[in-house]
Amino acid sequence: MATLQLFNTLTGTVESLTPQGTPELRMYCCGPTVYDYGHIGNFRTFLHVDVLRRVLLQLGVPVRHVMNITDVDDKIIRNATAAQIPIGQYTAKYEQAFFEDLNALGIQLPEVIARATECIPEMVELIQKLAAKDIAYQVEDGSWYFRLNRDPEYGKLSKKDLEHIEDGARVDVDEYEKDAARDFALWKAAKPQETSWQTAIGEGRPGWHIECSAMAAKFLGDTFDLHAGGEDLMFPHHENEIAQSECASGKTFARHWMHVRFLLVEGRKMSKSEGNFYTLRDLLLKGQRASAIRFLLLSVPYRNQMNFTLDGLVESTNAVDRLRTFRQRLQSQAWPAGSNAELAVTIQQAAEKYTSALAHDLNTAEARAAIFDMVRAANTAADHGLLQADNAAAALRVLASFDAVFNILEDRDAELTKAALAWAEAEGRMAEVAPEVLEKFGANSLSDAAIEALVAERTQAKKTRNFARADAIRNELLAKGILLEDSKDGVRWKRK
RNA sequence: GCACCGAUGGCGAAGUGGCUAACGCGCUGGUCUGCAAAACCAGUAUUCAUGGGUUCGACUCCCAUUCGGUGCUCCA
């Protein structure tokens, strides 16, 4: 069994990733701050981490994956205050939405979900440990800071030179009497009317970086195998995590670091002001399929910047259809017994190429290509009457192992779009729904039973060679987004 | 300003110091079909941003230029 080769940001090289010290591979992935709906850039990261864990599982490596939920931070406090509700009530809604979105995108849940607000004691302990070494210090207003010049290795992840940073630092004014401008907050002293915790180091709330350090240690130990996140988190967030954790424990924090590169949308950085900011829900309400979004976001390997476009989504939708149609073809026909030896070899080669592509730094593009190679070869053979039962079974097995990672063959798209519609209704956002989505999936849309009835009527018409009527029904259905295909084994239909 | 990354066909996107530069989508023609759809077949980059250099040989290594992106500040 191959071992996964994965680029390590810390060393700048591709290295084997294997569990050290425990049977399961221990990994930590920075999760969302639940102050709003997630956008597709967020999900590109989670999607590639999902690929990582699925590939590991496929390679026979058990995984203990921890993801944090940041449910207290400045934005959350600001928004909850504005809405005049407790922060827990405010974040619960977005946390739920986040999990719904993960489900829509077919992302597996981590073994451990860690909420920041549920791990305050561990964070306090960590700060106390640092304080005992005089690496954490408290300033007049009660906040705690990290003494950066006590960590000689600071900058090793992002390859930054601390000296250089300090002379170039834009001055963040020492309003709290920090000892050095670059020292970062570990604990923010309570302000009137803000959520805070009464603790041994004073009343306040955690800084952004300390939560990940504390929770990673709590659930994975001082040292663990892999830490993952978006590339933008590399500095300062991950750098600060390393500083806090390694200074406190005196041990290596994460051995291996994985960073998923940024997503552009229509060639530009996604931002609300550019008008290219998409949440998953936005796209579903525009009629995009969840499976196509997943497949598109996975089609470009994680270490490359990816440009997300609506055209790309069209491509992706059609590509997913090709794969689904292929699987359906293999499953729905009785193939002659036996095995075509030549085709068997081709299928085997595709399977090997697929596995090695993923094992080699998660090259999803190449893995995808290997599967399409197989699809074409098998389709060609089938068209020439050269596909036999053993080949079909082998191809289906390869397809299943592909889908154990890519997870797009099961068609949940209609159901997910309907769920998005229900959400839009509940949130009073029906104005954002594209008209054709309403037509296809709304209250007045055709039910499966109604479609089946029309299909049956058309089949009857065809039998009596009433092609005018048959075509009329087909066109009527097409206008409502239902596509018919006549095959030897009867009529198939699908929603476009 | 400093640092880093990228530039491959109509679009998206792999890849390698030397076989016909993957794969997907699209497009054109054909086969199949009552007609379609699906699938298949053929075609669709003498060429990998531009200019130099190294080499027997570079799209692949080096340098410069141009363009795009990112980080240095909250951010997946």
Side-chain angles (χ1 to χ4, degrees), chain A residues 12 29-33 35-36 38-49 70 73-75 155 158-161 164-165 167-170 172 182 208 228-237 239 259-264 267-271 295-297 299-326 328-329 350 353 357 360 363-384 462 465-468 470-471 474-475 478 483-488 491-494 496:
Chain A
C29 170
C30 289
T33 300
Y35 72 98
D36 202 347
H39 59 250
I40 54 171
N42 295 313
F43 291 115
R44 159 135 131 126
T45 299
F46 297 126
L47 236 13
H48 279 281
V49 171
T70 300
D73 91 322
D74 293 343
K75 273 179 265 187
S158 53
K159 319 283 185 274
K160 285 188 193 306
D161 178 356
H164 181 254
I165 290 173
D167 44 50
R170 80 191 162 37
D172 180 16
R182 281 277 158 179
W208 175 35
E231 69 167 326
D232 55 316
L233 294 185
M234 198 164 88
F235 185 88
H237 184 55
E239 203 72 73
H259 289 98
V260 179
R261 290 206 65 188
F262 249 80
L263 176 79
L264 304 180
R268 308 228 63 89
K269 182 169 177 175
M270 180 166 49
S271 74
F295 198 51
L296 177 58
L297 289 172
S299 290
V300 177
Y302 78 96
R303 251 188 339 128
N304 297 3
Q305 196 169 63
M306 123 154 244
N307 184 14
F308 184 94
T309 65
L310 262 22
D311 285 349
L313 233 24
V314 172
E315 189 248 273
S316 177
T317 303
N318 293 337
V320 168
D321 269 343
R322 178 169 165 86
L323 294 169
R324 287 179 178 170
T325 303
F326 174 70
Q328 198 174 22
R329 180 181 198 187
K353 186 178 163 195
H360 188 256
N363 191 333
T364 46
E366 224 172 64
R368 202 189 109 130
I371 295 307
F372 280 107
D373 281 339
M374 180 186 80
V375 169
R376 187 173 9 80
N379 267 328
T380 302
D383 275 11
H384 291 82
K462 274 177 60 180
R465 302 195 66 80
N466 182 356
F467 294 123
D471 290 352
R474 188 170 64 195
N475 289 336
L478 185 61
L483 206 62
L484 298 194
E485 289 172 16
D486 294 337
S487 75
K488 292 181 192 77
V491 185
R492 290 197 292 260
W493 64 267
K494 60 187 176 192
K496 223 178 141 185

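Lettering follows sequence order; numbering is per chain, from 1.
In this structure B/A3 sits in a base pair with B/U70, meeting the Watson-Crick or G-U test at under 3.5 Å. Pairing for B/A39 goes to B/U31, judged as Watson-Crick or G-U wobble with the two contacts each under 3.5 Å. B/C19 is unpaired under the Watson-Crick or G-U wobble criterion, no partner having all donor-acceptor distances under 3.5 Å. The partner of B/U54, taking Watson-Crick or G-U wobble pairs whose two distances both stay under 3.5 Å, does not exist in any strand shown. B/U47 makes up no base pair with any nucleotide shown, lacking Watson-Crick or G-U wobble contacts both under 3.5 Å.
Between the CG atom of A/Asn304 and the C1' atom of B/G12 there is a distance of 12 Å, rounded to whole Å. Atom CD in A/Gln305 sits roughly 9 Å away from atom P in B/G71 (whole-Å rounding). Atom pair A/Asp311:CG and B/G26:C1' shows a separation of 10 Å (rounding to whole Å applied). Between the CZ atom of A/Phe308 and the P atom of B/G68 there is a distance of 23 Å, rounded to whole Å. In this structure, CG of A/Leu478 is placed 11 Å from P of B/A38, rounded to the nearest angstrom. One atom, CG of A/Leu484, and another, C1' of B/A37, lie 9 Å apart when rounded to the nearest Å. We find that CG of A/Asn318 is positioned 20 Å from P of B/G10, with the value rounded to whole Å. Protein atom NE2 of A/His259 is 18 Å distant from nucleotide atom P of B/C4, rounded to whole Å.
With both ends at atom P, the span from B/C41 to B/C23 equals 11 Å, rounded to whole Å. On the C1' atoms, B/A21 is 34 Å away from B/A76, given to the nearest whole Å. The same atom, C1', is picked in B/A58 and in B/G1; the two are 35 Å apart, to the nearest Å. Comparing the C1' positions of B/A38 and B/A49 gives an interatomic distance of 40 Å, to the nearest angstrom. For B/G10 and B/U46, the P atoms lie 9 Å apart once the distance is rounded to whole Å. The P atoms of B/C59 and B/A3 are separated by 29 Å, rounded to the nearest whole Å. Here the separation of B/A45 from B/C4, taken at their C1' atoms, is 30 Å to the nearest Å. Here the separation of B/U20 from B/U44, taken at their C1' atoms, is 15 Å to the nearest Å.
Among the atoms of the strands shown, only primed sugar atoms or phosphate atoms (P, OP1, OP2) are found under 4.0 Å from some heavy atom of A/Phe372. Within 4.0 Å (heavy atoms only), A/Ile371 reaches no atom of the nucleic acid at all. Looking at heavy-atom distances under 4.0 Å, A/Asp373 makes contact with sugar-phosphate atoms alone, never a base. Among the heavy atoms of the strands, none lies under 4.0 Å from A/Pro32. Using a 4.0 Å heavy-atom cutoff across all strands shown, A/Asn363 reaches sugar-phosphate atoms only and no base atom. Contact annotation for A/His237: no contact, since no heavy-atom pair falls under 4.0 Å across all strands. Here A/Thr325 lies in heavy-atom contact (under 4.0 Å) with sugar-phosphate atoms only. Using a 4.0 Å heavy-atom criterion, one finds that A/Val300 contacts the sugar-phosphate atoms exclusively.
Counting non-hydrogen atoms of neighbouring residues, nucleotides and ligands closer than 6.0 angstrom, the OH atom of A/Tyr35 reaches no more than 12 such neighbours. Counting non-hydrogen atoms of neighbouring residues, nucleotides and ligands closer than 6.0 angstrom, the NE2 atom of A/His237 exceeds 12 such neighbours.
Here the side chain of A/Ser316 pairs no donor or acceptor atom with the backbone of A/Gly312 at under 3.5 angstrom. Listed for the A/Gln305 side chain is no donor-acceptor partner under 3.5 Å among the backbone atoms of A/Phe262. With A/Arg44 contributing its side chain and A/Gly230 its backbone, the two residues share no donor-acceptor pair below 3.5 Å. Looking only at distances, no side-chain donor or acceptor of A/Glu231 sits under 3.5 Å from a matching main-chain atom of A/His259.
In this structure, A/Arg376 reaches the B/C23 phosphate: one of its side-chain N or O atoms is under 4.0 Å from OP1 or OP2. For A/Arg322 and B/A39, the shortest distance from a side-chain N or O to OP1 or OP2 is below 4.0 Å. In this model, the phosphate group of B/A76 is approached by a side-chain N or O of A/Asn42 to a distance below 4.0 Å at OP1 or OP2. Proximity of A/Trp493 to the phosphate of B/A37: no side-chain N or O atom is located under 4.0 Å from OP1 or OP2. Remark: A/Thr380 is in phosphate contact with B/C41, judged by side-chain N or O atoms under 4.0 Å from OP1 or OP2.
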Mind listing the N/O atom pairs, protein and nucleotides 32-34 of chain B, below 3.5 Å?
from  : atom 1 : to       : atom 2 : distance (Å)
B/G34 : N1     : A/Asp471 : OD1    : 3.1
B/G34 : N2     : A/Asp471 : OD2    : 2.6

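Residue A/Leu264 is the one, among A/Leu264 and A/Gly41, whose nearest nucleotide of RNA chain B lies closer to the 5' end (criterion: closest heavy atom). Residue whose closest nucleotide on RNA chain B sits further toward the 5' end, between A/Met306 and A/Lys353: A/Met306.
For A/Arg368, the side-chain atoms get nearest to B/G24 when compared with the rest of B/A76, B/G24, B/C72.
Note on ring orientation: taking the six-membered ring where Trp is involved, the planes of A/Phe372 and A/Phe295 are tilted (angle from 30° to 60°).
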